[in-house]
Amino acid sequence: MMMRISKHHLFWPLTVLAGLFVFNLLYDPGFFAIRVQGGHLYGSLIDILNYGSPLILVAIGMTLVIATAGIDLSVGSIVAIAGAIACLLISRGEDQHSLALFAVAVAASIGIALVLGLWNGLLVSGIGIQPIVATLILMVTGRGIAQLVTGGQIITVSSDPYSFLGAGWFLMLPFSIFIVGFVFVIAVLMTRKTALGMFIESVGGNPTASRLAGIRSKSVLLAVYAFCAICAGIAGLLLSSNVSSADGNNAGLWYELDAILAVVIGGTSLAGGRFFLAGTVVGALIIQTLTTTIYTIGVPPEITLVVKAIVVFAVCLIQSESFRSTIVHRWKTRRYPAEREVTRGV
Amino acid sequence: MFRRKYIPIFITVGLFALIFALGSFRYTGFFSTQVLFNLLIDNAFLLIVAIGMTFVIVSGGIDLSVGSMVALTTMLSASLLQEGLSPALVIPFVLLAGFLFGAGMGAVIHYFNIQPFIVTLAGMFLARGLCYVISINTITINDKFYQSIALTKIYLGDSFISISVILALATLLLAVYLAHYTRFGRNTYAVGGNEQSALLMGLPVARTKVLIYGFSGFCSAMGGVVFTFYMLSGYGLHAVGLELDAIAAVVIGGALLTGGVGYVVGTFFGVMIQGVIQTIITFEGTLSSWWTKIVIGMLLFLFIVLQRVLGARAGSSQTR
Amino acid sequence: MGENRPILQMSGIHKRFPGVIALNNVDFRMYPGEVHALMGENGAGKSTLIKVLTGVYAIDGGTVDLDGAPITVGSPLEAQEHGISTVYQEVNLCPNLTVAENIFIGREPRRFGKIQWKELNRRAERLLAERLNLNIDVTRTLDSYSVAIQQLVAIARALNVSAKVLILDEPTSSLDQGEVQELFAVMRKLKEQGLGILFVTHFLDQVYEITDRITVLRNGELVGEFMTKELPRMDLVLHMIGKDLELLADLPASDFGQAGEASGETFLKVTGLGRQGSIEPFDFMIQRGEVVGFAGLLGSGRTEAARLLFGADRADQGQWQAAGGGKVDSPRQAIRRGIAFCSENRKTEGIIEDLTIRENIILAMQAHRGWFKSIPRKRQEAIADEYIETLNINPPNPEQLIKNLSGGNQQKVLLARWLLMEPNLLILDEPTRGIDVGAKAEIQKLVLALAKKGMAVLFISSEMEEVLRVSDRIVVLRDRQIVRQMTGEDIHHHNVMQAIAGEN
């Protein structure tokens, strides 16, 4: 029984998360406390969910991309562009509080995110450029575009509907949690209730066999990159709405890396194939909890980076087959290094 | 003799000449040796870092840690100097640290067969994080030696260059020699061309890969030293995003991100193109700095698609 | 020649892999100045033997003597140092380096550590000209030359290491006739220079044209060593396939051609279909309810022909007259026309390792329906259960990941995938390879049953007996061409063997 539990894909991520919680609890016995104040729920756990929302969103999209054996480096830039466009449109409006203006701004940013995603998808599936290279283009250009949109300034807006997105409350909880929940449910429905999820895993796991089975891998790739960009776009809206401003330079900086990390921690392999959306969410929560923890114990927040580095190394080493086999068959691989090299390719 | 593999590098050189000529026609005072020299002065550290990156990319890998390594070097240098250590000790020490850091990543990449992207990503986090472990604030450098190097101008005619430029050009020459006249360099190309073949041909693949990342780490540290001369301070937020500039320079310089093809000289022009675009944007006055990123992104796109097209054609000619 | 001492002597070689004995007590010897063919079908142990010899695999038992002295070969590099060099089918050189560099990399002439390019290029030119009669610009990159030249460069590299034994592993499979002759000229020249050449190929004509001696392996065991001149083609084929003529003749005649009822309704007809470098243009037609067998040795073009029919590879010439439309360009299109193809490479072209049995079964059906018309979960489970039962898939758990299944059960899952599509034409490429005898018979029976129901089946197998048993009509391929078709009374093991061997 223990074996079966420990083999479940959520076992390790959840264990790590629980470990972090316990650590926090020891440090601050009130960690789990949630209090009601002015009809809103407050507490560390709520904060983690709230601040973690944008990352969870981006990571959900990234999961699908990685499942196709791809990667999307441009999500950070898309986060910045989406926030910038929405704020620009709202700041230009006559009545910033207008609901219609808000709707136009949101639709425009998500529309642009979609276009950018299709662009990535086209480079990958149409022209056949490696994903890491193809999305690098937008990663570089996108930052510039975001700054172009904001004119290099930080655009501040004061729009009630807009700030509700990322800073509002609904049913006593931060509204962003509902957005994340909504996107998560959509992603799950889209991948598990239609055949898309199976196609993604199939294209990521074995592209040749997928082609021979008649799967249209091009449209699968296109859809996945588009979805990932939309997720990043929504995350950009949440981030900028939370502070009611857009910063083309710093918004979404390093998000691509955190998102990839969350996906990998969640158990999805960078080599593509099986993907775990719930695992990704837990992975993103681990990263967010880590950040929060470091804040609470009073270490300079920048040191999170060192911890992240260690986590990346650890996760990759565990996933690395060579690492495991090195430990197991140390003597054998020593003597015949070529056998390892050749059989690895098979 | 005209060869297809040189097309990207010709385009790069031509593009540089074209942009420089455009600038010269449009702006008075643009066409001068000093503007040219300033390109070198302002981009010396980028050039050095990009040279290391060229080897990594030619071998079919990628190194995301270079920007952080530059920052870590500035931080290490500044804090050690603050402790009163002599530059004669500090500089060799940071160079060695850079080499070991890179070689360590290379070893993990090779022996555990983990993608370079992920390993160097972790290296990037680690190096940046270590900066903050040293200090989260800027440490200014008051060392006489550093200051005098920073201020030294070497006059060639009426125009001048800095000592950093000499260091960068020396690195460039060393790298060209390494790439084309040593076994290490040729093995790098072989690994990038086909790692499996290189192994079956009996080349020392493991040693080569470790050395490649070690060399990139060394170049990052060297770039960091030059950057320290330039900024006279150590700071954890120095050189953020430098890895992207370096990768862009290498790709614009005609290297294939899939490995096997690339030239150190091409990288030199890749860096110069980025520099000249920045200069034009400064001269234009009304254009803002982000146009640099947009233009460089478009150039990246152009070169990647170009390589893809050339590659596809080479592939089809091969299968008759 | 016989008086000479063998330059290479391998005795009692054993090599085990988890679950498989790849080489069982195999002997092999080679004399200097001879071309020696190593023959065998899939799984015979050819490539394992070569990998043992070149130090890629460690041996579990046996000895290797080179020039009379025992050696151990720990790596490809060590093999080269001993003078054993290999040229593989996929040229194992670096396409981005120059020809000269590919020959000398790792051994470049240097002075004070600096590579002497002029010297290197001169040596490369001399080596190619003197030993291989090849005059090319050695400063161009390797990828600017044809595969044939690349092969020769690979040979030159091998020679450069003072080779005593040269292994050519299927060097001719992507060369055209002229290029093959060029290669043979080089081989003859090297033979005169006293080299022992181990030649692996699927082309019988080439074996008889160039080799002096033949060693045949089958199922990891040595069948025998023969002088080429003294071994009739028929016998060679029999040795490779492993059935005695008498045994085949004893097969009850009633087993032959029993699927029987070709409907007279043509389902698919192609004329002049071909693809350069893979299969010569051929004509082919198949009727509903008919089982056509493709017979031929590995590499004869049987798989290549089937792939063109399914659109897995694109034909560069030929006419189509298929039911419900013209040309088939992609697997998707083929599937829409009711064609299904079960590839011989289960692992790389068939299963999706990360998916379950259920998902692997419904994959093609779902791809055909599109994303949104998802097959309801209940229905999926019913389908999976049905096929698990009819095909006897083990373990009978539809949620098991397919990568945990044995090869035979994976094959059954793939079969289920295509049966579910109820195709008009089912192409089965080596459906029984690596499957135990019982399962084999089941699959053969299934093929006959399907044909009775009106399905056209194209059955490809290395096992003569099997092809004879299920086919109404047999198409024989040799050296990438269809060489003979036979029906009815004509179907006889002897005729098939003759056609495969190329004896008339």
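Because the structure is a prediction, the values reported are computed rather than measured. In what follows, chains carry the letters A, B, and so on, assigned in the order in which the sequence lines appear, proteins first and then strands, with residues in each chain numbered from 1.
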Tell me, which pairs form a salt bridge (charged side-chain N to carboxylate O under 4.0 Å, His left out) where one or both residues lie in residues 118-138 of chain A, sequence neighbours left out?
none

Top residue by heavy-atom pair count (under 4.5 Å) with chain C, among G205(A), G273(A), S210(A), S202(A)?
S202(A)

Please state whether the side chain, the backbone, both or neither of L363(C) comes within less than 4.5 Å of a heavy atom of chain A.
both

Determine whether D72(A) and S74(A) make a side-chain contact, defined as any pair of heavy atoms from C-beta on separated by less than 4.5 Å.
yes

So if I take each residue of residues 214-224 of chain A and look for any heavy atom under 4.5 Å from a heavy atom in chain C, which residues do I end up with?
G214(A), I215(A), R216(A), S219(A), V220(A), A223(A)

Are more than 12 heavy atoms, taken from residues, nucleotides or ligands other than F182(A), located less than 6.0 Å from that residue's CZ atom?
no

Contact part of L401(C) toward chain A, heavy-atom cut-off under 4.5 Å: side chain, backbone, both or neither?
side chain

Inspect the contact between R211(A) and E349(C) and indicate whether a charged nitrogen and a carboxylate oxygen are less than 4.0 angstrom apart.
no

Using a 4.5 Å heavy-atom cutoff, which residues in residues 185-196 of chain A come close to chain C?
K193(A), T194(A), A195(A), L196(A)

If you look at every heavy atom in L73(A) and I132(A), which pair is closest and at what distance?
CD1-O, 3.6 Å

With no hydrogens and no angle check, do the side chains of D429(C) and S343(C) hold a donor and an acceptor under 3.5 Å apart?
no

Within a strict 4.5 Å, meaning less than it, do heavy atoms of the F275(A) and I66(A) side chains meet?
no

Whether over 12 other heavy atoms sit under 6.0 Å from R314(C) CZ:
no

Do the side chains of R346(C) and E430(C) get close enough for a salt bridge, i.e. N-O under 4.0 angstrom?
no

Any side-chain donor near an acceptor of the partner, T303(C) and E344(C), under 3.5 Å
yes

Pairs involving residues 357-368 of chain C, ordered by first then second residue, that meet side chain to side chain donor-acceptor pair (under 3.5 Å) (sequence neighbours left out)
R274(A)-E359(C), T356(C)-E359(C), R358(C)-Q380(C), R358(C)-E399(C), N360(C)-R417(C)

